[in-house]
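Order of appearance sets the numbers: ligands from 1, and atoms from 1 within every ligand. Residue numbers start at 1 and run along the sequence shown.
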Amino acid sequence: MTETPTPWSAGAAYLDGRFMPIGEAAIPITDWGYRRSDVTYDVVGVRDGAFFRLDDHVRRFRASMEAFRLKPPEDDEAIKRVLHRCVALAGLRDAYVAMDCLRGRPPAGQPYHPAYARNYLAAFALPWISLVRPDVMERGAHLVVAETLRIPARSVDPRAKNFHWADLTKGQFEAHDRGADFCVLLDEDGHVTEGPGFNLFVVADGRLATPDAGVLEGLTRQSVIELAGELGMPVAVRKVEVAELRDADEILLVTTAGGIMPASRIDGRIMGNDRPGPVFRRLHDAFWKKRAEGWHATPVDYASGT
Ligand code: PLP
């Protein structure tokens with residue numbers, strides 16, 4: 001049976017205290033959240049009617065807000081209720097659920113300084129989105145190491161999720177110009193960091209490694225570390241040299257929007273047989289099997305949408 005589309009079918013949003021269909025959600029053009037990228041955010045996934053690691057995402061969101069000195073009126077429990085209601089209003093079983101805290105503007109008469117701005121929460125639920133198209137999932141992503149370096153962590157700490165994406169966007173144009181799907185950015189010392197919207201694992205001789213610093217401490221990365229431990233695969237969180245990336249047997253891209261994704265080429269070099277490798281397959285299958293069994297799951301409160 002197909003459901004009749006409603007204004008909510010495309011998604012539901014919450015903006016500064018009000019719920020609305022996604023198509024009606026708009027932020028003021030003068031907001032510093034927009035004008036200065038003065039905003040932080042997080043994204044949590046919903047699969048088969050349940051959030052994955054909801055508490056961890058809201059905890060990280062709070063830590064990001066504190067890092068940028070942002071404070072919306074809602075506490076963590078209120079934020080979770082907003083997220084449940086967005087998914088419920090949109091009637092989604094599989095969703096991409098975002099939470100943002102914007103700086104706002106200082107009210108009239110207050111000093112023109114971010115300390116006086118009225119911060120507010122925005123959130124929305126959309127039908128599930130994956131970073132990687134099905135055909136790329138099938139053949140493995142083609143990666144390039146970009147010339148562009150990641151913004152230094154002392155300037156913008158990547159552990160606080162942010163939209164200072166000029167480096168990642170510039171890197172994506174480099175990837176595009178070189179016929180690849182995604183860039184990987186290095187830090188000023190030549191260590192591997194991350195890519196546009198994902199963390200990385202390199203695999204060599206059956207051992208996994210992921211960068212320890214200069215990256216978002218991704219929750220999919222955390223899940224892969226837990227999973228590798230359960231499967232008896234050695235995994236290290238440490239500095240990763242660019243040479244390791246270029247010589248890897250496999251490279252995995254991991255993110256909420258897609259889970260665990262394979263790469264098959266790096267800077268034009270083919271890894272394995274130009275297809276997703278065995279470590280990817282094992283982790284990917286175990287990840288989705290455990291997800292189906294309710295791993296780190298919080299069922300969506302669909303009654304909150306009525
Ligand atoms: N790194 C960056 C820059 C990201 O934007 C993201 C997700 O959006 C990730 C890593 C992966 O984090 P998570 O697994 O928590 O989604």
Which bit of Tyr41 gets closer than 4.0 Å to ligand 1, counting heavy atoms only: side chain, backbone, both or neither?
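Within the 4.0 Å criterion, Tyr41 contacts ligand 1 through side-chain atoms alone.
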
Protein heavy-atom partner closest to atom 3 (C) of ligand 1 - residue, atom, separation in Å
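Going by distance alone, atom 3 (C) of ligand 1 is nearest to Glu194 OE1, 3.5 Å.
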
So which protein heavy atom does atom 14 (O) of ligand 1 come closest to, and at what separation?
Thr220 OG1, 2.5 Å

Considering distance alone, does some N or O of [X] sit under 3.5 Å from an N or O of ligand 1?
X      : answer
Arg221 : no
Glu217 : no
Leu219 : yes
Trp165 : no
His57  : no

Does a side-chain N-to-carboxylate-O contact under 4.0 Å join Asp274 and Arg139?
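No, no charged N to carboxylate O under 4.0 Å.
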
Test: Glu230 and Lys289 ion pair at under 4.0 Å
no

For [Y], is there any backbone N or O sitting under 3.5 Å from a side-chain donor or acceptor partner on [X]?
X      : Y      : answer
Asp189 : His191 : no
Asn199 : Leu216 : yes
Glu244 : Glu241 : yes

Gly218: numbered ligand 1 atoms lying under 4.0 Å from its heavy atoms:
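Ligand 1 atoms under the 4.0 Å threshold to Gly218: 12 (O), 13 (P), 14 (O), 15 (O).
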
Could you list the atoms of ligand 1 found under 4.0 angstrom from a heavy atom of Thr256?
13 (P), 14 (O), 15 (O), 16 (O)

From the candidates Arg53, Arg60, Lys161, the one that places a heavy atom nearest atom 8 (O) of ligand 1
Lys161

Heavy atom of Asn199, distance to ligand 1 below 4.0 Å:
yes

Side-chain donor-acceptor contact under 3.5 Å, His296 with Gln222
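No - no donor-acceptor pair under 3.5 Å links their side chains.
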
What orientation do Phe52 and Trp295 show, parallel under 30°, tilted 30 to 60°, or perpendicular over 60°?
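Phe52 vs Trp295 ring planes: tilted.
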
Relative to the ring of Phe173, is the ring of His176 parallel (under 30°), tilted (30 to 60°) or perpendicular (over 60°)?
perpendicular

